[in-house]
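Everything on this sheet refers to the single structure shown next.
Lettering of chains follows the sequences in order, A, B, ..., and the numbering in each one begins at 1. The analysis underlying the following values was restricted to heavy atoms, covering all of them including side chains, and did not include hydrogens, waters or symmetry mates. No experiment lies behind these values; they were computed from the predicted model shown.
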Amino acid sequence: MKLFIVESPTKAKTIQKFLGKDFYVKATLGHIKDLPERGLGVDLKTLKAKYVYLRGKKKLIEELKRLSKKVEIVYICTDPDREGEAIAYFLKKDLQKVNKNIKRAVFYEITPAAIKESIRNAGYININLVYSQFARRILDRLIGYLISPILWKEFKNYRLSAGRVQSPALRLIVEREREIQNFRVKKYYYVKVILEKDGEIFHAIYDYRYEKPSDAKIIAEKLEKGFFSVYSVDIKEDKEYSPKPFITSDLQAEANAKLGFPPEKTQKLSQELYEKGYITYPRTDSYRMNEQKAKEFMNFIRREFGEKYVGRLRNFREKKNVQGAHECIRPTKPIPTIPEREELRILYDLIFRRTLASLMKEIQLERKKVIVEAITPELRRPIYLIAKGLKVVFDGWSRVYPSEIKEELLPLLAAGDLLKLIKTDLEERRTQPPSRYTEGTLIKTLEKLGIGRPSTYSTIVKTLKERGYIKVKNKTILPTHIAFEVVDFLMENFPLLMDYKFTSLMEEKLDLVEEGKVDWKEVVYEFASKVLSKELLRI
DNA sequence: CAGTGAGCGAGCTTCCGCTTGACTT
């Protein structure tokens with residue numbers, strides 16, 4: 001018998017089927033050990049850290065030890081990334097007490113071939129990856145646990161907290177709110193002309209911003225006496241590419257925008273869909289899709305909508321900090337609906353449609369730009385107005401997934417055509433303040449800045465709520481009074497922590513640790529001394 | 001002797017990231 005260990009129990013079940021009766025396949029359920037919740041858990045002088053078993057994990061380790069004793073070999077197959085390597089490291093330390101034959105294996109796809117390949121190529125733990133996890137973990141601990149108490153003192157409120165992720169996130173929210181508060185709405189006006197051609201009505205606009213409605217009115221009145229004709233018609237083809245398939249951040253953002261689900265709800269539901277076998281792993285930052293599966297979905301598109309709707313599987317460039325362990329989020333099979341309760345079905349439907357859309361043809365558009373000439377006895381020169389048309393020539397992927405495209409239809413027009421004036425009008429517009437973040441747009445913004453990971457996006461928002469920093473009303477995030485004060489205080493006292501680039505600076509150094517070029521303790525010292533004051537570190 | 005109240009001291013919060021049940025409310 002052999003033992004094969006992964007992180008997720010759902011994966012374990014699937015892999016058990018592949019490997020058969022010769023294998024015990026077991027799951028760690030994430031991390032085994034972590035710094036203690038209480039106390040710093042790190043010696044500031046030596047950076048020696050105290051790792052303790054997470055609740056329930058002591059028992060789990062005992063079980064894995066019992067099995068390890070019985071088997072000829074143990075394969076540790078936690079996720080192929082920094083955190084997974086750390087799990088493997090602690091696992092091996094415990095299990096090698098009862099079995100010396102332990103190997104580290106990795107896979108990037110849950111297929112029988114990929115799993116068997118991982119066993120063939122099984123080797124050693126990459127200690128540099130483990131070190132980079134130590135550096136990441138300990139830096140987060142030092143920042144969080146040394147700065148939070150300063151907030152308790154300063155604001156006499158022990159519920160407050162600071163951290164590498166939550167504090168810059170809060171800064172985004174507070175700064176946006178200040179922009180909105182300081183925004184001064186300006187009204188401006190366009191002169192609009194309603195015209196008719198062969199009984200069809202359309203409008204053209206004079207492309208000049210008037211600050212004062214009275215100025216605009218003068219022109220409008222002069223145009224009342226004008227003669228209108230088509231000066232030129234310009235037609236251009238355009239296309240709208242299909243959306244990428246879902247990754248965690250996009251799914252949470254879309255479910256928030258289109259279904260009104262808070263990220264936490266989407267997280268829970270997608271986990272359930274995953275456990276029931278309906279979708280792939282729900283915490284991922286990779287757009288990759290299994291080629292064979294993509295073909296199956298394309299066959300589905302061909303059958304349902306015809307060949308002309310079939311697009312292709314695109315290769316998307318991954319962002320820099322992608323850890324490559326998983327595919328995109330997609331249905332496991334091309335089944336359009338599931339016989340489950342409402343909420344699950346709605347979310348599944350969104351994922352199914354998005355997956356299809358990502359493999360479908362572009363939307364073909366026709367953009368028309370019509371210039372209308374107005375000649376009026378009141379003015380020496382003609383005035384030129386613009387009418388814009390947008391027509392969907394081929395609906396492509398929008399057949400299955402909503403697009404933002406709004407058609408603007410114009411009558412059939414050719415240069416020289418005479419037009420009948422219906423009336424002139426003023427169009428009032430206002431400058432728009434930036435909009436508040438929603439839980440979804442905040443997550444997308446954090447992702448763009450490289451702050452946070454797929455498994456934590458929904459908890460970031462939750463933490464900010466729990467600390468009383470934000471309130472969510474009608475899907476939009478509002479910072480509370482204390483949030484403004486805390487951000488100001490942190491900006492003044494811990495500017496590097498509040499720098500949006502901090503995480504990516506840290507990641508660059510962690511990459512060097514992973515390549516074995518830099519000592520992990522040096523990285524911790526460097527950033528800890530830059531972010532925190534010397535007194536705080538007591539060194 | 002019982003009840004009251006001042007004064008003192010101890011203990012408590014907190015990070016980010018990986019994964020789900022096993023708990024309590």
Could you state the atom-to-atom distance from [atom1] of [X] to [atom2] of [N] in whole Å?
X       : N       : atom1 : atom2 : answer
R55(A)  : dT20(B) : CZ    : P     : 15 Å
L273(A) : dT20(B) : CG    : C1'   : 16 Å
F90(A)  : dC18(B) : CZ    : C1'   : 13 Å

What's the shortest heavy-atom distance between [X] and [Y], and which atoms?
X       : Y       : value
K92(A)  : I102(A) : CG-CG2, 4.0 Å
T459(A) : S455(A) : OG1-O, 4.2 Å
A294(A) : L313(A) : CB-CD2, 3.8 Å

Report task. Could you tell me whether Y274(A) contacts a base, only the sugar-phosphate backbone, or nothing, with contacts defined as non-hydrogen atoms closer than 4.0 Å? Result -> sugar-phosphate

Report task. Using the ring pair (Phe, Tyr, Trp, His ring centres under 6.0 Å) rule, collect all pairs that involve residues 255-274 of chain A, keeping only residues at least two apart or in two chains. Result -> Y274(A)-Y281(A)

Requested in this report: Would you list the pairs meeting ring pair (Phe, Tyr, Trp, His ring centres under 6.0 Å) in which at least one residue belongs to residues 43-96 of chain A, sequence neighbours left out?
Outcome: Y51(A)-F90(A), Y51(A)-F134(A), Y89(A)-F134(A)

Query raised in the report: Got F246(A) and I279(A) here, is their nearest side-chain heavy-atom distance under 4.5 Å?
Result: no

Residues in ring pair (Phe, Tyr, Trp, His ring centres under 6.0 Å) contact with [X], at least two apart in sequence or another chain:
X       : answer
F502(A) : F527(A)
Y401(A) : none
F489(A) : F155(A)

Filtered N/O pairs between nucleotides 23-25 of chain B and protein, under 3.5 Å:
none

Report summary line: Annotated structure of DNA chain B as dot-bracket, pair cut-off 3.5 Å, Watson-Crick or G-U only, | for inter-strand, is .........................

Query - Sequence neighbours excluded, every pair satisfying salt bridge (Lys or Arg N to Asp or Glu O under 4.0 Å) that has a member inside residues 332-343 of chain A - result: K265(A)-E343(A), E272(A)-R341(A), K276(A)-E340(A), E342(A)-R345(A)

Query - Strand contacts (DNA chain B) in residues 265-272 of chain A, 4.0 angstrom heavy-atom criterion - result: Q271(A)

Report task. Treat primed atoms plus P, OP1 and OP2 as sugar-phosphate and everything else as base, then score nucleotides 11-17 of chain B 5' to 3': B for base contact with protein heavy atoms under 4.0 Å, S for sugar-phosphate contact only, - for none. Result -> --BBBBB

Query raised in the report: Got a sec, which residues hit side-chain hydrogen bond (donor to acceptor under 3.5 Å, both in side chains) with D34(A), two or more places apart in sequence or on another chain?
Result: R137(A)

Query raised in the report: Partners of Y437(A) by side-chain hydrogen bond (donor to acceptor under 3.5 Å, both in side chains), sequence neighbours excluded?
Result: R176(A)

**Report entry** Ring centers of F4(A), F18(A) separated by less than 6.0 Å
**Finding:** no

